[in-house]
J.: 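The structure follows.
We name chains A, B, ... by the order of the sequence lines, and we start the count at 1 in each one.
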Amino acid sequence: MSQELNKTYEPKDVENRWYAFWEEKGLFHADENSDKKPYAIVIPPPNITGSLHMGHALNNTLQDILIRYKRMAGYNVLWMPGTDHAGIATQNVVERQLANEGLTRYVIGRKKFVERVWKWKEESGGTIIKQLKRLGSSCDWNRERFTMDEGLSYAVKEVFVRLYDEGLIYRAERLINWCPRCLTALSDIEVEHEEVSGKLYYIRYHFVDDPKIFLTVATTRPETMLGDTAVAVHPEDERYNKFIGKEVLLPLTSRRIPIIADAIVDIEFGTGAVKITPAHDFNDFETGIRHDLKKINILSENAHINPYLQDVELEVMKQVGDLHVHKAREKVIHILKKKDFLIKAEDHKHTIGKCYRCKTVIEPYLSPQWYVKMETLAKEAIKAVEGDKTRFIPRGWENTYFEWMRNIKDWCISRQIWWGHQIPAWYCVDCNKIDFVRETESGLKPCHYDDEGTVPIYLNILKKNLTPIVTKTAPLKCPTCGSSKLIQDEDVLDTWFSSALWPFSTLGWPKKTTELSKFYPTDTLVTGFDIIFFWVARMIMMGLKFMNDVPFKDVYIHALVRDADGQKMSKSRGNVIDPLIMIDRFGADALRFTLSAMASPGRDIKLSEDRIEGYRNFCNKIWNASRFALMNVKGDIKKDIKGYNIFDRWILSRLNRLTKEITASLQEYRFDEAANAIYQFIWHEFCDWYLEAAKPVLYKKDNADKRNITQTVMIHSLETSLRLLHPFMPFITEEIWQRLPKLGAVSGMESIMLAPYPSADESLINDAIEEEVRLLQDVISCVRNIRGEMNIPPSVEIDILLKAAEGKRADLYRQHSEYIKFLAKAKGIKIGSDIMKPHIAATAVLKDAEIYIPLEGVVNFDGELPRLQKELEKIKKEIEFINKKLANQDFINKAPKDVVEKEKEKYRELTEKLNKIEDGIKKLEALRI
RNA sequence: GGGCGGAUAGCUCAGUUGGGAGAGCGCUGCCCUUACAAGGCAGAGGUCACAGGUUCGAUCCCUGUUCCGCCUACCA
């Protein structure tokens, strides 16, 4: 198959062709009955609404590297793919569609709405999967799962019921984070905190028994005063504790509220007197419980002021009733000012919470919700990480994990949306005396109607104080009263609830499947730190609870991808680099390689297009090196040949050393180290030196044996490099590999994916050869340097005079003089201890050798003196530095012997070099006169 | 408020038993040398944030400071 290659690498066609080939041949498929050692990763399921961004690209590149590496290394590899139903996000998408048609989900009803979401999923939900394929991800697509699959949904119900039966799931009315736009509760971690500069308002609350005097409270949210039910002061605050038990009259209302004592109050802050609004502030809610205060909910679900607050002045109500809470704030301030209750307003920085999905300001909101009790689950999960059953890489993230787990709060899992796993709980209409039930096609529904009385609106208040019947399948009759009027809880579960089960639900749990026993616990989870709480921690808890084992052994936490300026990429900032555009432009391999080379632990990736372009060039370099190799290998190459030349032995040594390093790096998840090592090897060792050194051998017609050996080593090195590189750059490696003649173990294999990952042959690692080649390279580099500095164009041929002591050194140079000549582009070379320096010559001083390039009649000679002087200055500085060290008696006495010896040796070398250069300068100066 | 991470070449970053300051990109000079101009060869460029300490010796270990990120928290 080794036809001519194009002059440049064209990724597009190559990528499509090979991906289709791999899929068709089933090379991604894991065999659950295989006897090979298993290695499994579950993909962090992307949202079905998503499209591939750089975070995905990084995440999946790293997983694919591990997966392809392990697969080649002989493991039975499973990469379990799938997508997440993304409750709120997906519901938003479909609701937007409806809005464009002038509809709302309430108009079409729950059943039709959910059907519509499914339809949308079928049509558009596969986008990201296609995009993952373009990246080269070698997932076992036959096993692709979706969190709303029948199987996974069953697992969700199973878990819910079992946790409920054990008392680990419960319902309660509490303050929750409420998104007034999504109209649903959120868990604590779904709220993003943001610092804003606001104001701190000082408001007068007059005493009931003596209206002439007052307390001043300070608040950032004056509008919530309509829900105040107390004022708190610190019990030890001498300014106020005499007032404890008295009452103040809440401004703008006829409400009398008590002054209470609570240690939560910070004497230093504000005035030391705090208004307490138990229904609208988390602290106040707790305080309210401690003091048995009334909870007055002043807001509707969409964060408008309830217009029917009984004891608020009618005039005030008229102005703020039905107003959005933020507008109401302005109004309340205005009224307070007018009525002289407002003392002052100070600038004040504080934090507000926003919905992580839609960035709307969240409201603490009183409502009944479902919770998971976390304490016992967390305890086990902490132990598992403490005991290293699951290990975070880098380790530092374990602290983050512990910090959260040790202060964990119960998890609010119910969401007031329609797309998701509906909670498997039913309520008996009769037992619970539920009003407002209406018949619909899908059964009984709790509801009320909008103002026009036509649109049914979901009303979560209905759920207060109900007794649920929790079961996997819909009950026909109430077990208590036998009534058949049962309604299912309207809420669905937090999407993360089903994600938490992902490592075992995807493998068939609760059925005892072969897959489960083979691949659970999985080996590695690759994810970003931003979902350690959302996902990783919860998977560990659920895995331990239902599988009695951790879901994965290693958690590799990778960085965030930012733009070149370090900004988080976001659509609103307009700084997103689209991975698909990058793939189109530079190829998937270049993108993958960029991401892996930059994935150093514990640091964010600042991605720039230049960098990707640079690695596209690397692809091209590989391509052309392969082109060269193929052009120079005609017919069969021999196997098992002895008689390697020095560069053959050198490249084999370097190659095996590289293999060792890469394997070690991959073992430690150092993708950057591995990528950089192979880049360095292929470009700067294989291409720059080995191929160049191979040219004289390959071009010479007269020695077929030598040529054949070099051809063999060349192909072997290239082929092995490709296998080393394959996990990083799957496409180009396959394309080239397919065209190469195969040697040994890899002959006859149908894909590089199936070829074994190289393992180092230690016997070929040869320090002596590497040192010898380094000496040759030094000579060559020196000559090239003279060429460069003296401006001798390549077209001008030069001679090399190499003065070296007779013996090993001179022999080495003499033996390989052809290489030196070729690589330094010299027409002649003389080597010996008795070489005399010509008068007009450039010189370079090496360890144990001197180089003279005669320049008479070659080039203008004026440049030589300044060149040598520059060199001299450099050496003088170095000597000075070492001198200081060696003059220090403490250094001589206390430093390790070998270090001292090394310094002394260096000193000797440098001094010698210095003398020779000084000598050269003297001669030059003499010549000038 | 608490915690974590970072500060090394113009840019982005590597750099662990503490002893040589490095890479890629960019820049400069020369070169279309029959694999590659998406290339070759050569070169310039750094008080390793600042101040102390430990040590014969500190980019590295310790303390403090400044600046920048991020996470977290009930000062209303």
J.: Surrounding NZ of Lys897(A) (heavy atoms of other residues, nucleotides or ligands, distance under 6.0 Å), is the total greater than 12?
T.: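 No, NZ of Lys897(A) has 12 or fewer neighbouring heavy atoms, counting only those of other groups under 6.0 Å.
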J.: Quick one: is G40(B) close enough that its OP1 or OP2 comes under 4.0 Å of any side-chain N or O from Trp689(A)?
T.: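 Checking G40(B) against Trp689(A), no side-chain N or O comes under 4.0 Å of OP1 or OP2.
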J.: So, OP1 or OP2 of G24(B): does either fall under 4.0 Å of a side-chain N or O from His684(A)?
T.: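 For His684(A), the contact criterion (side-chain N or O under 4.0 Å from OP1 or OP2 of G24(B)) is met.
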J.: OP1 or OP2 of C36(B) less than 4.0 angstrom from a side-chain nitrogen or oxygen of Arg627(A), does that happen here?
T.: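 Arg627(A) to C36(B) OP1/OP2: side-chain N or O found under 4.0 Å.
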J.: Name the orientation class of the two ring planes belonging to Trp683(A) and Phe618(A) (parallel below 30°, tilted from 30 to 60°, perpendicular beyond 60°).
T.: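 Parallel, since the angle between the ring planes stays under 30°.
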J.: Using a 4.0 Å heavy-atom cut-off, does Cys687(A) contact any base of the nucleic acid, only the sugar-phosphate backbone, or nothing at all?
T.: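 Base, at least one base heavy atom under 4.0 Å.
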J.: For G46(B) versus G57(B), give the span between their P atoms, rounded off to a whole number of Å.
T.: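 These two P atoms come out 27 Å apart once rounded.
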J.: Mind checking if Arg867(A) touches a base, just sugar-phosphate, or nothing, with heavy atoms under 4.0 Å?
T.: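 Nothing, no nucleic acid heavy atom in range.
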J.: Regarding Glu223(A) and Arg329(A), does a basic nitrogen lie under 4.0 Å from an acidic carboxylate oxygen?
T.: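 Looking at Arg329(A) together with Glu223(A), the answer is yes, because their closest N to O distance falls below 4.0 Å.
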J.: Go through the N and O atoms of the side chain of Glu692(A) and the base of A35(B), and report whether any donor-acceptor pair is under 3.5 Å.
T.: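 Side chain to base: pair found, below 3.5 Å.
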J.: Please compare Lys7(A) and Arg221(A) by the position of their nearest nucleotide in RNA chain B and report the one closer to 5'.
T.: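 Nearer the 5' end of the strand: Lys7(A).
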J.: So, under a plain 3.5 Å distance rule, would you say the side chain of Arg784(A) forms a donor-acceptor pair with the base of A42(B)?
T.: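 Checked by distance alone, the answer is no.
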J.: Can you check the distance between U12(B) and U17(B), where both ends of the measurement are the P atom (answer in whole Å)?
T.: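 Roughly 27 Å separates the two P atoms.
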J.: Say you pick atom P in C70(B) and the same atom in U16(B); how far apart are they, in whole Å?
T.: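 The same atom, P, in both gives a distance of 26 Å.
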J.: Scan Asp672(A) against the nucleic acid and name what it touches under 4.0 Å (heavy atoms): base, sugar-phosphate only, or nothing.
T.: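 Asp672(A): no heavy atom of the nucleic acid under 4.0 Å.
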J.: With heavy atoms under 4.0 Å as the rule, sort Asp266(A) into base, sugar-phosphate or nothing.
T.: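 Base: the residue Asp266(A), judged by heavy atoms under 4.0 Å, touches a nucleobase.
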J.: Can you tell me, in whole Å, how much space there is between the C1' of G10(B) and that of G52(B)?
T.: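 Per the computed distance, 31 Å lies between those C1' atoms.
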J.: Mapping Ile267(A) and Asn399(A) onto RNA chain B by nearest heavy atom, which one lands closer to the 5' end?
T.: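 In this pair, the answer is Asn399(A).
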J.: Closest to the Arg611(A) side chain: U12(B), G15(B), G19(B)?
T.: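 Selected nucleotide: U12(B).
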J.: Check whether His280(A) reaches the backbone of Ile298(A) with its side chain - one donor and one acceptor, N or O, closer than 3.5 Å.
T.: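 Answer holds: yes.
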J.: For Ser187(A), does its backbone N or O pair with a side-chain atom of Glu190(A) as donor and acceptor, under 3.5 Å?
T.: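 Checking the backbone N and O of Ser187(A) against the side chain of Glu190(A), a donor-acceptor pair under 3.5 Å is found.
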J.: Select base, sugar-phosphate, or nothing to describe what Lys902(A) touches, counting heavy atoms under 4.0 Å on all strands.
T.: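 The answer is nothing, as Lys902(A) stays clear of every strand by at least 4.0 Å.
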J.: Ignoring backbone atoms, establish whether Asn617(A) has a side-chain N or O less than 4.0 Å from OP1 or OP2 of G39(B).
T.: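 Checking G39(B) against Asn617(A), a side-chain N or O does come within under 4.0 Å of OP1 or OP2.
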J.: For a quick check of understanding: with a heavy-atom distance under 4.0 Å over all strands, which category does His348(A) fall into, base, sugar-phosphate or nothing?
T.: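 Here His348(A) touches the backbone only, sparing every base.
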J.: Taking any heavy-atom pair under 4.0 Å as a contact, classify Trp397(A): base, sugar-phosphate, or nothing.
T.: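 Answer is nothing: Trp397(A) stays at 4.0 Å or more from every strand.
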J.: In whole Å, what separates the P atom of C62(B) from that of C4(B)?
T.: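 Their P atoms lie roughly 13 Å apart.
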J.: Indicate yes or no for a side-chain donor-acceptor contact from Asp237(A) to the backbone of Val233(A) under 3.5 Å, with no hydrogens or angles considered.
T.: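 Flag not set: sc Asp237(A) to bb Val233(A) has no pair under 3.5 Å.
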J.: With sugar-phosphate meaning primed atoms plus P, OP1 and OP2, does Tyr679(A) contact a base, only sugar-phosphate, or nothing at under 4.0 Å between heavy atoms?
T.: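 Sugar-phosphate: the residue Tyr679(A), judged by heavy atoms under 4.0 Å, touches backbone atoms but no base.
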J.: Mind checking the P distance from C32(B) to G69(B)? Whole angstroms is fine.
T.: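 Each nucleotide's P atom is 49 Å from the other's.
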J.: Using a heavy-atom cut-off of under 4.0 Å over every strand shown, decide if Ser600(A) touches base, sugar-phosphate, or nothing.
T.: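 The answer is sugar-phosphate, as Ser600(A) gets under 4.0 Å only of primed atoms, P, OP1 or OP2.
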J.: Any side-chain to backbone donor/acceptor pair from Arg670(A) onto Ala599(A)? Under 3.5 Å, distance only.
T.: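 Flag not set: sc Arg670(A) to bb Ala599(A) has no pair under 3.5 Å.
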J.: Which part of the nucleic acid does Phe686(A) contact within heavy-atom distance under 4.0 Å: base, sugar-phosphate only, or nothing?
T.: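 Answer is nothing: Phe686(A) stays at 4.0 Å or more from every strand.
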J.: Quick one: the dot-bracket string of RNA chain B, using Watson-Crick and G-U wobble pairs with both distances under 3.5 Å, [ ] for crossing pairs and | for bases paired to another strand.
T.: (((((((..((((.....[..)))).(((((.......))))).....(((((..]....))))))))))))....
J.: With a non-hydrogen cut-off below 4.0 angstrom, is Phe533(A) in contact with a base, only sugar-phosphate, or nothing?
T.: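 Answer is sugar-phosphate: Phe533(A) comes under 4.0 Å of backbone atoms only.
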J.: Contact class for Ile264(A) vs. all strands (heavy atom < 4.0 Å): base, sugar-phosphate, or nothing?
T.: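 Ile264(A): base contact, heavy atoms under 4.0 Å.
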J.: Checking Arg174(A) against Trp411(A): charged group under 6.0 Å from the ring centre and within 45 degrees of the axis?
T.: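 No; the conditions do not both hold, so Arg174(A) does not lie above the ring face of Trp411(A).
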J.: May I ask you to say what Asn620(A) touches in the nucleic acid, namely base, sugar-phosphate or nothing, with a heavy-atom cut-off under 4.0 Å?
T.: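 Touches a base.
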J.: Measure distances between side-chain N and O atoms of Lys695(A) and base N and O atoms of A35(B), and say whether any donor-acceptor pair falls under 3.5 Å.
T.: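 In this structure, the two groups form a donor-acceptor pair.
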J.: Using the C1' atoms only, state how far G53(B) lies from A44(B), rounded to an integer number of Å.
T.: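 Per the computed distance, 37 Å lies between those C1' atoms.
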J.: Base, sugar-phosphate, or nothing for Ser626(A), non-hydrogen atoms under 4.0 angstrom?
T.: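 Contact class for Ser626(A): none.
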J.: Looking only at atom P, what distance separates G29(B) and U63(B), rounded to whole Å?
T.: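 The answer is 49 Å between these two P atoms.
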J.: Side chain of Thr277(A), backbone of Ala279(A): donor and acceptor closer than 3.5 Å?
T.: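 Side chain of Thr277(A) to backbone of Ala279(A): no pair is present.
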J.: Quick one, Asp188(A) with Asn177(A), criterion side-chain contact (heavy atoms from CB on, under 4.5 Å). Give me CA distance, side-chain angles, the key distance, then yes/no.
T.: CA-CA 7 Å; Asp188(A) 294 337; Asn177(A) 300 290; 3.2 Å; yes
